[in-house]
Amino acid sequence: MNERIDIDLIAAARPNFIKIARLYHALAEAPWARVRLVHTGQHYDANMSQSFFEAFDLPTPDLHLNIGSGTHAEQTGHTLIAYERACAARPPAWAIVVGDVNATVACSLAAVKLGVRVAHLEAGLRSNDRSMPEEINRIVTDRIADLLWTPSSDANDNLRDEGVAEERIECVGNIMIDTFVHMHERIEADGTRERLGLEPGNYVVATFHRPVNVDDRAWCQRMITALHALADIRPVVLPLHPRTAARLAAFDLHDALASHAHIVLMPPADYIGFMNLVTGAALVATDSGGIQEETTYLGIPCLTVRPNTERPITVTTGSNQLIDIDALVEQAARIDARRNPGRIGRVPDLWDGRTAERVVASLARRCVGA
Ligand code: UD1
């Protein structure tokens, strides 16, 4: 056997860990590859990082950059410097970045300038909203990466519209669904909803962490009013992202949110516990990207409190709907009124649990001609 090909697999934040999970294991099994797991350290709390590594049987990262929190420039800049150093010390043939967080763009930039080829998994998504930091990260990463693995055909169209050459684009499907499919039995066997006293099919899961939804006091108050009105109908369970918890504390609004008897506040849940809550929910209200996709896969109604989404296929094909915060209760009631027990929407093509396999095959074709 010839020398193995060095590949860096980079992850930074909670949703990244879900995306690299199956890919790490698939690459580790590939006889031609030697994978180095790089954690940039953007998320560092145990329940935002370690618990995910444990759930997914991921080893301790080979390299930890310990970047931590900061402004966008600080986080991006520190990651750029630290990863450049790591790359220069042991240049991989390929760096794989996922998603749209600050580390995605920072590591891509460090790598391409050192002549390391970059592959972006979850490429081509666009909200067309440049006020979102993630949109800037997506545009820049896709512009400089060599290979763009997309989750759905609409992402291919976005890239073509931006003039990306066809040979750089490959639709591989949705990597988050791989993780769900692999963990499905453990998710079903988990007792989180029972522990919280929630009746399957009769509660709402809510998550909010986007700056646009949590960084302004008046907006937070509107959010609390909407969630209380929702909780008048059925219990609402709300795992609090650290950003959201910090904002509520700073605005002195935490107790106001918690004051409703049917609002269940909890710290960030681990993957299995959280997905146990989602799979039993009547409805999900969120501003997350990944949850729009997971609910689409499950056919569970999802109300996304955002003016746009980089994942329009979850609306056109799946179970997602974009709404204004003030319309939350009205839309929830409408979903209730047309409720039937079956799933809603359709699962997009290639959201089948085999994306990691396709990614490894795509890379093998380029690395060893397989
Ligand atoms: C980041 C991503 C976002 C993703 C989200 C998932 C960017 C631009 N944004 O946003 O796309 O949806 O992760 O969670 O990369 N904090 C902790 N402990 C942690 C991590 C963060 O307390 O382990 C707190 C810090 O106060 C920090 C704040 O949360 O300032 C926000 O964290 P940060 O990593 O800046 O962005 P997220 O809001 O998590």
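Any value given below was found using the heavy atoms of this structure, including those in side chains, with hydrogens, waters and symmetry copies removed. Both counts, for ligands and for their atoms, begin at 1 and track the order of listing. Quick note: residue numbers are just sequence positions, from 1.
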Query raised in the report: Which word best sums up how the rings of H241 and H209 line up, parallel for under 30°, tilted for 30 to 60°, or perpendicular for over 60°?
Result: parallel

Query - Protein heavy-atom partner closest to atom 39 (O) of ligand 1 - residue, atom, separation in Å - result: H43 NE2, 2.7 Å

Query raised in the report: With backbone taken as N, CA, C and O and side chain as the heavy atoms from C-beta onward, which portion of E134 lies under 4.0 Å from ligand 1: side chain, backbone, both, or neither?
Result: side chain

**Report entry** Heavy-atom donor-acceptor pair, H25 side chain to F56 backbone, under 3.5 Å
**Finding:** yes

Requested in this report: Out of V101, N47, D45, indicate the one that has the non-hydrogen atom closest to atom 2 (C) of ligand 1.
Outcome: V101

Requested in this report: Provide, to 0.1 Å, the distance between atom 38 (O) of ligand 1 and the closest protein heavy atom, together with that atom's residue and name.
Outcome: R243 NE, 2.8 Å

Atom pairs and distances, donor-acceptor, side-chain atoms in residues 169-180, under 3.5 Å, two or more places apart:
| residue | atom | partner | partner atom | Å |
| --- | --- | --- | --- | --- |
| E170 | OE1 | S362 | OG | 3.0 |
| E170 | OE1 | R365 | NH2 | 3.3 |
| E170 | OE1 | R366 | NH1 | 3.3 |
| E170 | OE2 | R365 | NH2 | 2.6 |
| N174 | OD1 | M176 | N | 2.9 |
| N174 | ND2 | E293 | OE1 | 3.1 |
| D178 | OD1 | R354 | N | 3.3 |
| D178 | OD1 | T355 | N | 3.0 |
| D178 | OD2 | T355 | N | 3.1 |
| D178 | OD2 | A356 | N | 2.8 |
| T179 | OG1 | I18 | O | 2.8 |

Report task. Indicate whether the side chain of T309 and that of Q292 have a donor and an acceptor atom separated by less than 3.5 Å. Result -> yes

Query raised in the report: To the nearest 0.1 Å, how far is atom 24 (C) of ligand 1 from its closest protein heavy atom, and which atom is that?
Result: P242 CB, 3.7 Å

Requested in this report: Would you check if there is a donor-acceptor pair between the side chains of Y83 and D8 at a distance under 3.5 Å?
Outcome: yes

Query raised in the report: Would a 4.5 Å heavy-atom cut-off, applied to side chains only, mark Y271 and M183 as touching?
Result: yes

Query raised in the report: Side chains of D270 and N47: is there a donor and an acceptor less than 3.5 Å apart?
Result: no

Query raised in the report: Identify the closest protein heavy atom to atom 34 (O) of ligand 1: which residue and atom is it, and at what distance?
Result: Q42 NE2, 3.1 Å

**Report entry** Test item: side-chain donor near acceptor, T279 and R193, under 3.5 Å
**Finding:** yes

**Report entry** Per-atom contacts, ligand 1 versus M48 - under 4.0 Å to a heavy atom
**Finding:** 23 (O)

**Report entry** Nearest neighbour of atom 14 (O) of ligand 1 from the list R14, H209, H241, on a heavy-atom basis
**Finding:** H241

Query - Nearest-contact summary for atom 35 (O) of ligand 1 - protein heavy atom, Å - result: Q75 NE2, 3.6 Å

Report summary line: Quick note on ligand 1: atoms under 4.0 Å from a heavy atom of S69 include exactly 25 (C), 27 (C), 30 (O)

Report task. Please check if any side-chain donor atom of T150 sits under 3.5 Å from a side-chain acceptor atom of N156, or the reverse. Result -> yes

Requested in this report: Please determine if N137 has a nitrogen or oxygen closer than 3.5 Å to a nitrogen or oxygen of ligand 1.
Outcome: no

Query raised in the report: Given that the side chain starts at C-beta and the backbone is N, CA, C, O, which of these parts of P15 lies under 4.0 Å from ligand 1, counting heavy atoms, or is it both or neither?
Result: side chain

Query raised in the report: In ligand 1, which numbered atoms sit nearer than 4.0 Å to a non-hydrogen atom of R210?
Result: 11 (O), 12 (O)

